[in-house]
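Single-structure report; data block below.
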Protein chains: 2
Amino acid sequence: MSKSSRIPLSSGRERPTNIAVLLREAFVALNDVVVVALAERGHAVVRPAHSAVFQYLDDTGTTVSVLAERAQMTKQAMAELVVHLERHGYVVRVPDPADRRAKLVLATEQGADVVAVAQEVAPAIEHRVEQLLGADRFAALREDLGTILRAADSSA
Amino acid sequence: MSKSSRIPLSSGRERPTNIAVLLREAFVALNDVVVVALAERGHAVVRPAHSAVFQYLDDTGTTVSVLAERAQMTKQAMAELVVHLERHGYVVRVPDPADRRAKLVLATEQGADVVAVAQEVAPAIEHRVEQLLGADRFAALREDLGTILRAADSSA
DNA sequence: CGACGTTAGACAGGTGACATGTCGAAGTCA
DNA sequence: TGACTTCGACATGTCACCTGTCTAACGTCG
């Protein structure tokens with residue numbers, strides 16, 4: 001029933017081939033690989049958004065404000081991610097000896113393990129995709145995405 | 001202060017060049033173009049997620065369940081989007097004459113205008129990107145994203 | 001040195017976009 | 001007719017953000 005007489009926006013549900021949709025789906029697909037890998041290694045509580053914490057955390061410790069700035073989100077949002085990770089033992093917050101207002105976020109051993117897994121998985125994904133497309137196409141893909149981003153940045 | 005001694009995961013904040021991150025950023029950039037275009041035409045309440053509604057809505061009307069199925073989300077999530085759009089006058093829900101359980105979601109004139117804008121903007125974006133990359137590279141990009149998706153699907 | 005504007009982060013509260021689970025009413029099929 | 005399914009409503013929860021307010025600590029400048 002209601003077999004559809006004309007589908008507006010995109011040309012239907014089967015294969016939207018819309019470039020933006022493709023980009024999103026490809027991202028989700030690759031991202032899931034990391035999440036699954038972490039879950040398999042016992043880090044199920046680490047969710048995609050937390051990569052922003054580990055990604056921008058230096059090993060000398062980093063304040064929430066700096067993390068927020070680097071990840072381009074508000075301090076509150078970042079603080080929440082850090083609280084979650086602290087509750088599960090992935091990071092600790094210690095007072096900054098140089099600034100009594102500030103607290104430094106530091107990775108625990110457990111947190112370091114997450115970083116290790118991510119460091120192992122991320123290049124593996126890149127490599128997998130490179131094999132899939134071939135080195136030339138992969139380089140072109142990377143370049144083209146950069147081109148799109150630069151164009152969007154400058155027109156914004 | 002705390003200039004960072006070594007950044008773990010990716011190689012820093014400036015240009016992560018990580019393929020997944022690039023994909024995400026490119027998607028967000030293109031998506032924003034649509035949202036901005038809609039906002040400029042007075043449809044500020046229409047947000048990215050709502051595209052799923054308009055995209056899969058046939059002009060003969062479609063039930064929430066069907067929309068949810070097409071958009072690959074739960075009925076509840078889709079129902080929420082529809083409620084929001086109904087509250088703002090973009091769609092109406094009328095009883096399905098053929099099924100007394102069901103209600104058909106229909107676009108109002110205002111909703112049709114959103115579709116019109118989207119129909120105008122989406123190809124424009126595609127075209128813009130195509131010009132940016134050249135036809136060959138654009139075709140390759142599209143193809144490569146498809147390849148990634150198929151590979152991810154089959155390995156999942 | 002002390003007042004003043006800035007910064008760090010805690011806390012309160014809110015939103016958007018999903019999820020699950022339960023339910024009654026309506027449809028379908030044996 | 002009864003058993004099962006489906007439609008959509010409602011309640012509730014989660015995740016990843018947001019704004020706004022507040023206090024303690026900091027830095028500067030007169």
Side-chain angles (χ1 to χ4, degrees), chain A residues 1-2 24-25 27-28 31-32 35 38-39 43-56 61-88 90-106, chain B residues 1-2 24 27-28 31-32 35 38-39 43-57 61-88 90-106:
Chain A
M1 68 192 76
S2 90
R24 182 176 174 277
E25 289 179 351
F27 162 70
V28 170
N31 212 53
D32 278 359
V35 175
L38 284 171
H43 298 300
V45 295
V46 177
R47 276 163 289 127
H50 294 125
S51 68
V53 180
F54 292 115
Q55 188 170 359
Y56 297 119
T62 312
T63 63
V64 167
S65 293
V66 170
L67 287 174
E69 188 191 322
R70 289 181 183 173
Q72 303 193 85
M73 57 170 69
T74 61
K75 292 186 290 180
Q76 288 79 351
M78 178 54 76
E80 234 177 43
L81 297 177
V82 169
V83 163
H84 178 92
L85 289 175
E86 187 177 37
R87 222 172 14 227
H88 290 88
Y90 288 92
V91 299
V92 286
R93 275 178 302 178
V94 300
D96 186 338
D99 186 339
R100 266 189 293 164
R101 290 172 307 178
K103 290 183 179 180
L104 293 175
V105 178
L106 282 163
Chain B
M1 64 190 74
S2 93
R24 182 176 174 274
F27 161 69
V28 171
N31 214 53
D32 278 359
V35 175
L38 284 171
H43 298 300
V45 296
V46 178
R47 277 164 287 115
H50 295 124
S51 69
V53 181
F54 292 116
Q55 189 170 358
Y56 297 119
L57 196 61
T62 312
T63 64
V64 167
S65 293
V66 170
L67 286 175
E69 188 191 322
R70 290 181 184 172
Q72 303 194 83
M73 57 170 70
T74 59
K75 292 186 290 178
Q76 288 79 352
M78 178 54 75
E80 234 178 43
L81 298 178
V82 169
V83 163
H84 178 92
L85 289 175
E86 187 177 37
R87 226 177 5 232
H88 290 89
Y90 288 92
V91 299
V92 287
R93 275 179 300 178
V94 299
D96 186 338
D99 186 340
R100 266 190 294 164
R101 292 171 306 176
K103 289 184 181 179
L104 293 175
V105 179
L106 283 163

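Naming convention: chains lettered A, B, ... in sequence-line order (proteins, then strands); numbering from 1 in each chain.
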B:Leu81 CG - C:dT15 P separation (whole Å): 16 Å

What's B:Ala102 touching, base or sugar-phosphate or nothing? Going by heavy atoms closer than 4.0 Å. sugar-phosphate

Closest approach of B:Met78 to B:Val64 (non-hydrogen atoms, all atoms of both residues): CG-O, 3.8 Å

Are the side chains of B:Arg24 and A:Asn31 in contact, using a 4.5 Å heavy-atom criterion? no

Position toward the 5' end of DNA chain C (nearest nucleotide), B:Lys75 or A:Ser65: A:Ser65

Going through the distances and angles, do A:Leu104 and A:Thr62 end up as a side-chain contact (heavy atoms from CB on, under 4.5 Å)? CA-CA 5 Å; A:Leu104 293 175; A:Thr62 312; 5.8 Å; no

Between the side-chain atoms of B:Glu80 and the base atoms of C:dC18, is any donor-acceptor pair under 3.5 Å? yes

Taking CD from B:Gln72 and P from C:dC18, how many angstroms apart are they, rounded to a whole number? 12 Å

OP1 or OP2 of C:dG27 under 4.0 Å from side-chain N/O of B:Arg100: yes

Closest approach of A:Leu67 and A:Tyr56, non-hydrogen atoms and distance? CD2-O, 3.4 Å

For B:Glu86, give me all partners under salt bridge (Lys or Arg N to Asp or Glu O under 4.0 Å), at least two apart in sequence or on another chain. B:Arg93

Of A:Ala77 and B:Val83, the one whose closest DNA chain D nucleotide lies more 5': B:Val83

Every protein N/O lying under 3.5 Å from an N/O of nucleotides 21-24 of chain C:
{"from": "C:dG21", "atom 1": "O6", "to": "B:Gln76", "atom 2": "NE2", "distance (Å)": "2.4"}

Are A:Thr74 and D:dC18 close enough that a side-chain N or O sits under 4.0 Å from OP1 or OP2? yes

For A:Arg47, all residues meeting salt bridge (Lys or Arg N to Asp or Glu O under 4.0 Å), sequence neighbours excluded: none

Can you find a donor-acceptor N/O pair under 3.5 angstrom joining the side chain of A:Lys103 to the base of C:dG9? no

Expressed in angstrom and rounded to an integer, what is the separation of A:Leu85 atom CG from D:dA16 atom C1'? 13 Å

Within this structure, what is the CE-to-C1' distance between A:Met78 and D:dC15, rounded to whole angstrom? 15 Å

Among C:dC18, D:dA25, C:dG9, which nucleotide has an atom closest to any side-chain atom of A:Arg101? D:dA25

Out of the candidates B:His50, B:His43, B:His84, only one should pair with B:Tyr90 under the ring pair (Phe, Tyr, Trp, His ring centres under 6.0 Å) rule; please name it. B:His43

How many Å lie between CG on A:Leu67 and P on C:dA10, as a whole number? 12 Å

Rounded to whole angstrom units, what separation is found between the CE atom of A:Met73 and the P atom of C:dG9? 15 Å

Rounded distance in Å - CG (B:Asn31) to C1' (C:dA17): 14 Å

Between CZ of A:Arg70 and P of C:dA8 the distance, given in whole Å, is 13 Å

